[in-house]
Amino acid sequence: MAKKSWSVTTDEGTYSVDLKGNKVSINGSVQKLNSFAKKTHFVDTEYTIPLGNRAATLVIQSMAAPVLSYNGYDCATGQPWEYQKIPAWGWVFFVLDIICAVLAGWLWALIALLVTAVVIRSKLNIGVKIVLCILLVAAALGMGFLVGALLAPALY
């Protein structure tokens, strides 16, 4: 993971927060990321980073840049930020990806599962996200069956 730095201003002062690998530096004091309180979700993990008597939330997302938020704002951009939950239609595609793993092979379904997670979290229009997820499931099934058809003659 590349080094990521933020400057956070609270009512108690300004804090410099640096993330490099699995270590967080708060005003030069380095600690392991796992020493902070955390919530693990399906495709990301939230860490509570203490800043004096206040706290910021560091979200490490799969295949996306980490986000540090304080009082509902992204510390890098200053834009409002809130944790994005997986919508119901996203869970449908996750289940379809798992079914693909059973029917068409784990490799293609794993790729589809990871890309589906990224698509769901992207800032694209919901309709485009759904179409992309449908294409991913179809591609996973197609690749699994294609590889199966190519390997079947070799097994007999």
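- In this structure Ile130 satisfies the side chain to side chain contact (heavy atoms under 4.5 Å, CB included) test together with Trp89, Phe93, Ile126, Ile134, sequence neighbours excluded.
- Judged purely by atom type and a 3.5 angstrom limit, Ser35 uses its side chain to pair as donor or acceptor with the backbone of Lys32.
- For Phe36, the CZ atom sits in a packed shell: over 12 heavy atoms of surrounding residues, nucleotides or ligands are nearer than 6.0 Å.
- Scored by the side chain to side chain contact (heavy atoms under 4.5 Å, CB included) test, Thr9 finds Thr14 as partners (sequence neighbours excluded).
- Through direct or relayed side-chain contacts under 4.5 Å between Ile, Leu, Val, Met, Phe, Trp and Tyr, Leu135 connects to Val131.
- In this structure Ala138 satisfies the side chain to side chain contact (heavy atoms under 4.5 Å, CB included) test with no other residue, sequence neighbours excluded.
- Scanning both residues, Tyr73 and Gly78, for their nearest heavy atoms gives CD2-O, 3.3 Å.
- Under 3.5 Å, the side chains of Asp74 and Ser69 contain no donor-acceptor pair of N or O atoms.
- Residue pairs meeting the salt bridge (charged side-chain N to carboxylate O under 4.0 Å, His left out) criterion with at least one partner in residues 46-59, sequence neighbours excluded, are Asp11-Arg54.
- Partner of Leu58 under the side-chain contact (heavy atoms from CB on, under 4.5 Å) criterion, chosen from Leu33, Thr48, Val17: Leu33.
- Residues Trp91 and Val95 are members of one and the same hydrophobic cluster, defined by side-chain heavy-atom contacts under 4.5 angstrom among Ile, Leu, Val, Met, Phe, Trp and Tyr.
- The distance from atom CG of Asn27 to atom OG of Ser16, rounded to the nearest 0.5 Å, is 6.0 Å.
- With values rounded to the nearest 0.5 angstrom, Tyr15 atom OH is found 4.5 Å from Thr10 atom OG1.
- Nearest heavy-atom pair across Leu68 and Ala56 is CD1-CB, 3.8 Å.
- At least one side-chain heavy atom of Val30 sits under 4.5 Å from a side-chain heavy atom of Lys23.
- Leu51 contributes atom CG, which lies 8.0 Å from atom SG of Cys75 (distance to the nearest 0.5 angstrom).
- Lys38 pairs by the side chain to side chain contact (heavy atoms under 4.5 Å, CB included) definition with Asn34, Thr40, Thr45, Tyr47, not counting sequence neighbours.
- Shortest non-hydrogen contact noted between Trp6 and Val67 is CZ2-C, 4.4 Å.
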